[in-house]
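Reading through the structure tokens given below for one structure.
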Amino acid sequence: MKSIFRKLRSGQEPSAPASESAFFTTTLAAHGFMDPHTPPVPWEARAIEVGATRLPRGGGGQLEQLWSRDRYLGQLDAASLQRLSEYFIYAAVAPQRDVIRQEENGSFMAVVLSGQIAVERQQPWGERMRLAQTRPGDILGEMSLLDGGPRFSSCTTLTDCEIGVLSAEALDEMMAKDAALAAKLMALLARKLSFRLRAISVRLGEEQHT
């Protein structure tokens, strides 16, 4: 994470060559976070697999409204939220579709705009444990977006859902064109992720002692 913020503080210009601005699509793999023989699953491939329907960018207004009420992301002002929403792809997904799968390498995160998604983890002893059920505004898959590593859990739609998707490529573009916004986003995502992982650790500990 420190190397990410050093890169952001360098003040890279938007016209920088792609080889210097593709941090999330290349650098993490080079540092061993991803198995080079198991490439990350991009949203474009997953969208085809689950039959997702592309939505107009008007979904960004919904994202802005939801995040403006978020404990962490609500710290971004309205102009920043509007700029941020432009880096997302918006899609509709039918029920019983795996938006994210446990153990696959990830290269995108998703924000729930409407509907419900189950977050579940397959335990080593075979049990499938439900860790959470989402609400609009919840974020899925940000850890793998930031480090390129394997997904911690699977995320399956329970109802018709609309989601916003931020890919590694879009995050690289944000770093090149709006470094200050990218830095704020990653700092806030890191705080949310830390809080959620602590809550999951408590939940897993309770399950093991019951």
Side-chain angles (χ1 to χ4, degrees), residues 1-8 18 21-36 38-47 49-50 52 59-60 63 66-67 70 72-73 76 80-81 83-91 93 98-113 117 119 121 131-132 134 137-157 161-197 200:
M1 184 65 73
K2 289 181 180 179
S3 62
I4 296 173
F5 286 102
R6 281 199 298 271
K7 183 176 179 68
L8 289 166
S21 61
F23 185 90
F24 286 93
T25 53
T26 59
T27 306
L28 291 171
H31 283 80
F33 287 93
M34 296 189 298
D35 180 349
T38 309
V41 177
W43 168 247
E44 291 78 8
R46 181 52 42 80
E49 183 182 345
V50 302
L63 175 68
L66 289 168
W67 276 8
D70 184 87
Y72 298 102
L73 293 159
L76 295 170
S80 295
L81 286 171
R83 297 202 312 278
L84 181 62
S85 70
E86 294 175 358
Y87 289 93
F88 281 74
I89 295 170
Y90 300 93
V93 184
D98 289 335
V99 175
I100 287 172
R101 290 204 182 101
Q102 183 177 329
E103 302 302 336
E104 69 184 11
N105 289 327
S107 65
F108 65 87
M109 75 175 199
V111 181
V112 182
L113 302 179
I117 295 178
V119 181
R121 179 170 174 79
L131 303 176
T134 65
D138 285 348
I139 301 172
L140 305 170
E142 71 273 31
M143 181 162 61
S144 290
L145 173 66
L146 293 176
D147 69 12
R151 302 291 196 183
F152 180 76
S153 56
S154 296
C155 301
T156 306
T157 55
C161 293
E162 293 185 354
I163 61 174
V165 176
L166 181 67
S167 67
E169 293 82 2
L171 188 51
D172 283 328
E173 182 183 357
M174 192 190 311
M175 288 178 65
K177 294 182 176 180
D178 199 339
L181 178 62
K184 290 178 183 177
L185 173 63
M186 285 186 286
L188 293 170
L189 287 178
R191 293 181 66 186
K192 284 181 68 69
L193 180 60
S194 176
F195 177 81
R196 190 164 81 232
L197 289 178
I200 289 174

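All of these numbers come straight from a predicted model, not from anything done at the bench.
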Spacing of [X] atom [atom1] and [Y] atom [atom2] [to the nearest 0.5 Å]:
X    : Y    : atom1 : atom2 : result
E103 : S154 : CD    : OG    : 8.5 Å
D138 : D70  : CG    : CG    : 8.5 Å
D147 : N105 : CG    : CG    : 9.0 Å
L185 : E142 : CG    : CD    : 10.0 Å
T156 : R101 : OG1   : CZ    : 8.5 Å

Close side-chain approach of L166 to Y87, heavy-atom, < 4.5 Å | yes
Non-hydrogen side-chain atoms of L84 and M174 separated by less than 4.5 Å =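 Answer yes - side chains close enough.
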Looking only at non-hydrogen atoms, find the nearest pair between [X] and [Y] and report the distance.
X    : Y    : value
R151 : S107 : NH2-N, 3.9 Å
L73  : L81  : O-CD2, 4.1 Å
L131 : S153 : CD1-CB, 4.2 Å
Y90  : G164 : CD2-CA, 3.8 Å
L189 : I139 : CD2-CD1, 3.5 Å
C155 : V119 : SG-CG2, 4.2 Å

Going by the side-chain contact (heavy atoms from CB on, under 4.5 Å) test, name the single residue among I117, T134, D98, V112 that passes it with T157.
-> I117
Between [X] and [Y], is there a donor-acceptor pair closer than 3.5 Å when you use the side chain of the first and the backbone of the second?
X    : Y    : value
S167 : F108 : no
R46  : V99  : yes
R121 : Q102 : no

